[in-house]
Amino acid sequence: MGRLDGKVALITGGARGMGKSHARHFVAEGARVVIGDVLDDRGRAVADGIGEQRSRFVHHDVTSEADWAVAVDTALEAFGRLDVLVNNAGILRHAPIADMAPADFRQVLDVNLVGCWLGIRQAVKPMTAAGGGSIVNVSSIEGFVGAAGLSAYSASKFGVRGITKSAAQELGRFGIRVNSVHPGGVMTSMAVTAAQSFVDVDPAGFLKSLPIARFAEPVEISRLVAFLASDESSYTTGAEFLADGGLLSGPGY
Ligand code: NAD
């Protein structure tokens, strides 16, 4: 018996990093998954590794309404329903406000925030038809605090928290729950790139200041996402879940 037996999930940004981990973990818990990403070769390889019985890859840019329609149709055609949406796709651009091109600021909002909203919009009908569902929006600790160089990223991740709460209010009557997840540092290419941008921060000192003094493995976030996707969290909606090794619990002294 898996936590997600019988459920069909669409996971965005599933070609690598946490999205790839979520897809594999969901399948291990009994789900069938549609993996969307703009990285076609890598995404297809993840789906091939899982096998056709339980997964499909679809080219899916979360900023495109047309791609959203194709991704949701893929779930319905391949597996007959849609129960879970994980809005995981995201990008990070590190730059001081005065140096950042407005186009870059807009692109971060477009992928991380508008993409999430477009997904919820597209999922309402099929989830309602399925008798309800669960939407898990991946925000960040930067959905609670800002950081120098991350104005666009943190604006987008604060926004994801707001969309989550409005959607929870709106969609409860259809049996659709909506929650947000807020990881701290997780071992993926995004974290490596981000760490390289923070040239003034000593990584060893940063890690030592955390109650759990290490980065997370992606699967540690996948387990939380799977809990929220499953019926085990049946009374939980509009809520925010930190998985940050205690980073935001205090100043570290
Ligand atoms: P990652 O860069 O490894 O993976 C992100 C995935 O999203 C990639 O496969 C990428 O191709 C895909 N993507 C980017 N733009 C896309 C688009 N327009 N349409 C569809 N897919 C697109 O990063 P990750 O660390 O696995 O990040 C996953 C999520 O977790 C992101 O939302 C990120 O902001 C969030 N997050 C990451 C960390 C961390 O420390 N790694 C911490 C907090 C939150």
Side-chain angles (χ1 to χ4, degrees), residues 10-25 34-47 57-68 70-71 74 85-94 104 106-119 122 136-147 150 152-161 163-164 180-198 201 203 206-207 210 212 214-222 224-225 240-245 247-248:
L10 169 58
I11 300 173
T12 69
R16 70 178 189 202
M18 273 187 262
K20 173 177 162 183
S21 170
H22 300 340
R24 288 177 167 170
H25 187 69
V34 173
I35 296 163
D37 209 294
V38 289
L39 300 176
D40 292 346
D41 291 345
R42 294 186 69 145
R44 210 164 280 125
V46 176
F57 173 74
V58 61
H59 176 87
H60 180 197
D61 180 340
V62 295
T63 67
S64 157
E65 279 184 67
D67 283 5
W68 271 108
V70 171
T74 302
L85 167 64
V86 183
N87 275 315
N88 164 78
I91 57 172
L92 180 148
R93 299 278 178 269
H94 186 281
D104 287 344
R106 290 200 176 96
Q107 190 198 13
V108 172
L109 290 187
D110 207 18
V111 175
N112 296 1
L113 184 59
V114 180
C116 170
W117 183 84
L118 286 175
Q122 201 74 40
V136 184
N137 295 327
V138 180
S139 175
S140 167
I141 51 168
E142 272 88 25
F144 292 97
V145 295
L150 292 186
Y153 187 75
S154 83
S156 72
K157 295 301 189 178
F158 267 77
V160 166
R161 246 172 98 208
I163 287 178
T164 300
S180 60
V181 167
H182 302 262
V186 187
M187 265 308 176
T188 67
S189 7
M190 181 184 284
V192 172
T193 312
Q196 285 162 353
S197 315
F198 287 106
V201 178
F206 164 74
L207 284 181
L210 297 180
I212 300 173
R214 59 175 175 80
F215 279 95
E217 293 299 328
V219 72
E220 296 182 274
I221 311 304
S222 301
L224 173 57
V225 174
E240 46 210 27
F241 291 80
L242 276 169
D244 68 343
L247 176 64
L248 294 190

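Along the sequence shown, residues are numbered consecutively beginning with 1. Remember, it's 1-based here, ligands and their atoms both numbered in the order they're listed.
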Peer 1: Within a distance under 4.0 Å of any heavy atom of L39, pick out the atoms of ligand 1 and give their elements.
Peer 2: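 Counting from 1, the qualifying ligand atoms are 9 (O), 11 (O).
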Peer 1: Which bit of H60 gets closer than 4.0 Å to ligand 1, counting heavy atoms only: side chain, backbone, both or neither?
Peer 2: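 Within the 4.0 Å criterion, H60 contacts ligand 1 through backbone atoms alone.
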Peer 1: Below 4.0 Å, non-hydrogen atoms only: which portion of S139 touches ligand 1? Side chain, backbone, both or neither.
Peer 2: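 It is the backbone that gets close, since no side chain atom is under 4.0 Å.
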Peer 1: Could you name the option among V186, V138, N88 that has the heavy atom nearest to atom 32 (O) of ligand 1?
Peer 2: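 Among V186, V138, N88, the closest heavy atom to atom 32 (O) of ligand 1 comes from N88.
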Peer 1: Assess K157 for proximity to ligand 1: is some non-hydrogen atom of it under 4.0 Å away?
Peer 2: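 Under 4.0 Å: yes for K157.
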Peer 1: Please work out whether any backbone atom (N, CA, C, O) or any side-chain heavy atom from C-beta onward of D61 is under 4.0 Å from ligand 1, and answer side chain, backbone, both or neither.
Peer 2: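 Near ligand 1, D61 shows its backbone as well as its side chain.
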Peer 1: Taking atom 42 (C) of ligand 1 as the point of reference, which of G17, G19, A71, G184 owns the nearest heavy atom?
Peer 2: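 Answer by nearest heavy atom: G184.
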Peer 1: Going by the order shown, which atoms of ligand 1 are within less than 4.0 Å of some heavy atom of M18?
Peer 2: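 Going through ligand 1 atom by atom, the ones under 4.0 Å from M18 are 25 (O), 26 (O), 30 (O), 36 (N), 37 (C), 38 (C), 39 (C), 41 (N).
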Peer 1: Run down the list D110, D37, V181 and name the one with the heavy atom closest to atom 10 (C) of ligand 1.
Peer 2: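 Considering heavy atoms of D110, D37, V181, the nearest to atom 10 (C) of ligand 1 sits in D37.
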Peer 1: Measure N112 to ligand 1 on non-hydrogen atoms and call it side chain, backbone, both or neither using the 4.0 Å cut-off.
Peer 2: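 Answer for N112: neither.
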Peer 1: Provide, to 0.1 Å, the distance between atom 2 (O) of ligand 1 and the closest protein heavy atom, together with that atom's residue and name.
Peer 2: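 For this ligand atom, the closest protein heavy atom is R16 NH2, 2.8 Å.
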Peer 1: Would you please classify the geometry between the F215 ring and the F206 ring as parallel, tilted or perpendicular, with 30° and 60° separating the classes?
Peer 2: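 F206 vs F215 ring planes: tilted.
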Peer 1: Have a look at ligand 1 and work out which part of Y153, if any, has a heavy atom under 4.0 Å from it: side chain, backbone, both or neither.
Peer 2: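 The side chain, only.
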